[in-house]
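If you're wondering where the values come from, they're calculated on a predicted model, not measured in any experiment.
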Amino acid sequence: MPSRSTGAITQDWEPVVLHKSKPKAQDLRSPKAVNQALRSGAEVLTVKKFDGGSNRKPGPAVSARKLEEGTEPAALERVAGEVRQAIQKARLEKKMSQAELAKQINERAQVVQEYENGKAVPNQAVLAKMERVLGVKLRGKIGK
């Protein structure tokens, strides 16, 4: 067991002073604090921020890289009509559905559908897979 000192117990009668913490900057900017300062006659500094409180977005900003290049095409090239017809014709000759062709080339059925509808952007890898499965040349006909 710990031993206690046998001396007399005394009290400390010195006063302890507790100070309030300074108000935070956020608390000084609250509407309640501003109104209280205005009522008491204290100086209140107000600063108007540029476009403060407006919900407007800036106009179209053009990046420097786009301005430098300046040769960006307006629209992406789509699958040519000849390629679309060649895919459909070869697929129907082999008596395949779009889903079966998609499965053989390891793509989704939607990809084959987009190629046949002319909505897809030509991808050389996908066209190469279709050429291999269908046995038809497709890549030389893009954009011609």
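The minimum heavy-atom distance between G118 and R84, with the atom names listed, is CA-CD, 3.2 Å. Contact between I87 and M130 at its shortest, heavy atoms only, is CD1-SD, 3.6 Å. The minimum heavy-atom distance between A109 and A99, with the atom names listed, is CB-CA, 4.1 Å. For the pair S40 and A37, the tightest heavy-atom approach, listed with the atom from each and the gap, is OG-O, 3.1 Å. Considering every non-hydrogen atom in both Q124 and R139, the closest pair reads OE1-CD, 3.1 Å.
With N123 contributing its side chain and A125 its backbone, the two residues share a donor-acceptor pair below 3.5 Å. Put simply, the side chain of E131 gets close to the backbone of L138: a donor and an acceptor are under 3.5 Å apart. Side-chain N or O atoms of R78 include none that pairs as donor or acceptor with a backbone N or O of A120 at under 3.5 Å. Q98 contributes no side-chain N or O that, together with a main-chain N or O of Q110, makes up a donor-acceptor pair within less than 3.5 Å.
Around atom NZ of K129, more than 12 heavy atoms belonging to other residues, nucleotides or ligands sit under 6.0 Å away.
A salt bridge is absent between E100 and R91: the closest approach of a Lys/Arg side-chain nitrogen to an acidic carboxylate oxygen does not fall below 4.0 angstrom.
Going from atom CE of M96 over to atom CG of L134 covers 6.0 Å, rounded to the nearest 0.5 Å. In this structure, CG on L101 lies 11.5 Å from OH on Y115, to the nearest 0.5 angstrom.
Between V121 and V79, every side-chain heavy-atom pair lies at or beyond the 4.5 Å cut-off. Two residues are said to be in side-chain contact when any heavy atoms from C-beta on lie closer than 4.5 Å; V112 and E114 fail this criterion. Between L127 and V83, the closest side-chain pair of non-hydrogen atoms falls below 4.5 Å.
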